[in-house]
Amino acid sequence: MDLLAALTGPVDAAARALLGCRVAAGGVVIRLTEVEAYSGVGLDAASHAHRGRTPRTEVMFGPPGYAYVYFTYGMHWCLNVVCGPEGQAGAVLLRAGEVVDGVEAARERRRVRDDRDLARGPARLAQALGVDGRATGTSMVDGSGPVSLESPDPAPPPGVAVRCGPRVGVAAEPDREWRFWLAGEPTVSAYRRHVPRPRRGGDNQSPVR
DNA sequence: AGTAGGATAATCT
DNA sequence: GATTATCCTACTG
């Protein structure tokens with residue numbers, strides 16, 4: 001089946017279809033082992049597009065197959081593939097994968113002891129690929145942009161176990177099991193529950209008196 | 001092995 | 001002004 005066709009379907013199905021695919025950018029090729037689905041207005045409170053169109057989320061309302069790269073925690077970029085039919089927001093976060101080509105380039109961008117940590121986590125993956133916000137709005141499926149996405153050459157053998165569970169570090173909708181990964185892959189990142197940060201600095205949360 | 005805290009800036013309320 | 005779809009280092013057992 002066509003990859004773009006799969007991306008046009010429901011985001012959770014699209015997410016599953018993306019496992020095993022190759023993402024290429026900056027001379028590095030990564031085989032995806034872990035992804036998360038985020039869906040549209042109203043349905044999924046964890047989606048950036050949940051509250052509707054904003055300058056940032058505009059891309060998610062466009063056609064599938066385009067890159068949505070957001071900046072978070074003051075220092076990290078995370079790469080998403082826009083999914084679902086045009087007009088209906090949705091995206092799949094590329095969380096982790098195995099570097100299958102361009103290991104040297106990936107090592108150059110990320111200083112790690114173990115190669116398995118090169119793209120184990122969404123910000124690490126984006127960094128290994130050298131992807132940042134400039135890729136937002138470019139196509140990942142027609143070869144015109146800096147990032148490209150392809151199905152594995154021979155289709156993935158059936159019987160490869162796909163696991164699912166709650167999304168990592170997400171505050172909203174902790175029970176939605178929209179994180180998908182390939183069982184037994186060492187490059188899958190560790191699960192962490194969302195931890196609200198204690199208020200820093202001023203303690204005047206509620207003024208005494 | 002597991003947890004705790006800090007870094008640091010865009011985005012939205 | 002609060003919040004954040006993270007990562008790294010340092011500390012504890």
Side-chain angles (χ1 to χ4, degrees), chain A residues 11-12 14-16 18-19 23 30 32-61 66-84 89-97 99 106-107 109-137 147 164-181 186-207:
Chain A
V11 278
D12 53 333
R16 288 174 176 274
L18 282 167
L19 290 172
V23 213
I30 289 173
L32 297 174
T33 57
E34 182 190 0
V35 297
E36 277 174 4
Y38 290 88
S39 172
V41 180
L43 290 174
D44 179 8
S47 171
H48 289 164
H50 178 238
R51 302 195 174 254
R53 288 181 192 251
T54 68
R56 181 172 69 151
T57 62
E58 186 62 34
V59 216
M60 295 177 79
F61 291 84
Y66 283 74
Y68 164 48
V69 187
Y70 69 89
F71 189 66
T72 191
Y73 291 102
M75 63 192 93
H76 299 301
W77 294 101
C78 295
L79 172 62
N80 294 248
V81 188
V82 173
C83 292
V92 172
L93 171 66
L94 307 185
R95 282 199 58 89
V99 175
R107 286 198 193 120
R109 298 193 180 101
R110 292 193 35 75
R111 216 63 203 162
V112 292
R113 291 184 191 80
D114 200 334
D115 279 353
R116 126 194 144 127
D117 292 329
L118 285 172
R120 192 165 73 118
R124 293 164 168 181
L125 182 144
Q127 190 186 5
L129 292 172
V131 165
D132 63 20
R134 290 171 295 181
T136 292
V147 192
C164 70
R167 295 169 289 189
V168 174
V170 176
E173 306 215 14
D175 295 330
R176 193 187 284 272
E177 303 204 324
W178 270 8
R179 171 179 179 237
F180 304 94
W181 66 94
T187 53
V188 173
S189 69
Y191 174 72
R192 303 213 187 294
R193 208 181 80 242
H194 172 77
V195 258
R197 293 249 171 243
R199 315 222 183 288
R200 208 158 36 121
D203 35 308
N204 298 350
Q205 179 63 14
S206 50

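On a predicted model such as this, the values are computed, not experimentally measured, just so you know. Within every chain, numbering begins at 1; the chains are lettered A, B, ... in the order of the sequence lines, protein sequences first and strands thereafter.
Following rounding to the nearest Å, A:Trp77 (CH2) and C:dA5 (P) show an atom-to-atom distance of 16 Å. Rounded to an integer number of Å, the gap from CG of A:Leu118 to C1' of C:dC7 is 15 Å. Between the C1' atom of C:dT6 and the CE atom of A:Met75 lies a distance of 8 Å, rounded to the nearest Å. Between the CZ atom of A:Arg53 and the P atom of B:dC12 there is a distance of 14 Å, given to the nearest Å. A:Asn80 places its CG atom 12 Å from the P atom of C:dA5, with the value rounded to the nearest Å. Atom NE2 in A:His76 sits about 11 Å away from atom C1' in C:dT4, given to the nearest Å. When the C1' atom of C:dA5 is taken as reference, atom NE2 of A:His50 falls 15 Å away, rounded to whole Å. Taking atom CG on A:Leu125 and atom C1' on C:dA5, their separation rounds to 13 Å, with Å as the unit.
The residue A:Arg167 sits apart from the nucleic acid: no heavy atom pair falls under 4.0 Å. Counting any heavy atom pair closer than 4.0 Å across all strands shown, A:Arg193 reaches no nucleic acid atom. Within 4.0 Å (heavy atoms only), A:Ala46 reaches at least one base atom of the nucleic acid. Among the protein residues, A:Val168 comes within range of the sugar-phosphate backbone only, with heavy atoms under 4.0 Å from sugar or phosphate atoms but none that close to a base. At a threshold of 4.0 angstrom between heavy atoms, the contacts of A:Ala171 are confined to the sugar-phosphate backbone, with no base atom among them.
The minimum heavy-atom distance linking A:Tyr68 with A:Thr136 is given by the pair C-OG1, 4.0 Å. Between A:Tyr38 and A:Ala46 the shortest heavy-atom distance is CD2-O, 3.8 Å. In this structure, A:Cys78 and A:Thr72 approach most closely via the heavy-atom pair SG-CG2, 4.4 Å. Taking all atoms of both residues into account, the shortest heavy-atom contact from A:Leu93 to A:Pro122 is CD1-CB, 4.0 Å.
Nearest to the side-chain atoms of A:His194 among the listed nucleotides B:dA9, C:dC8, C:dT4 stands C:dT4. Counting only heavy atoms from C-beta on, A:Pro122 has its side chain closest to C:dC7 among C:dC8, B:dT11, C:dC7.
Note that CG of A:Leu18 and OG1 of A:Thr33 are 12.0 Å apart. Values are rounded to the nearest 0.5 Å.
Base-pairing analysis of DNA chain C finds the following stems of at least three consecutive Watson-Crick or G-U pairs, with both pairing distances under 3.5 Å: B:1-7 with C:6-12, B:9-12 with C:1-4.
Between A:Leu118 and the choices A:Leu129, A:Val112, A:Ile30, A:Leu125, the side-chain contact (heavy atoms from CB on, under 4.5 Å) rule is met once, by A:Val112.
The side chain to side chain donor-acceptor pair (under 3.5 Å) search around A:Arg107 returns A:Glu104, A:Asp115, not counting sequence neighbours. With sequence neighbours left out, A:Glu34 forms a side chain to side chain donor-acceptor pair (under 3.5 Å) with A:Arg95, A:Arg179, A:Ser189.
Remark: ring of A:Tyr73 does not overlap the six-membered base ring of B:dA7 in a stacked fashion, as centroids less than 5.5 Å apart with planes less than 30° apart are not both met.
Between A:Arg120 and C:dC7 there is no side-chain polar atom (N or O) within less than 4.0 angstrom of OP1 or OP2. Under 4.0 angstrom from either OP1 or OP2 of C:dA5 there lies no side-chain N or O belonging to A:Thr72. Close to C:dC8, at under 4.0 Å from its OP1 or OP2, lies no side-chain N or O of A:Arg111.
Comparing A:Val170 and A:Arg113 by the nucleotide of DNA chain C that holds the closest heavy atom to each, the one mapping nearer the 5' end is A:Val170.
Within 3.5 Å, a donor on the side chain of A:Tyr70 pairs with an acceptor on the base of C:dA5, or the reverse. Scanning atom types as modelled, one donor and one acceptor separated by under 3.5 angstrom connect the side chain of A:His48 and the base of C:dA5.
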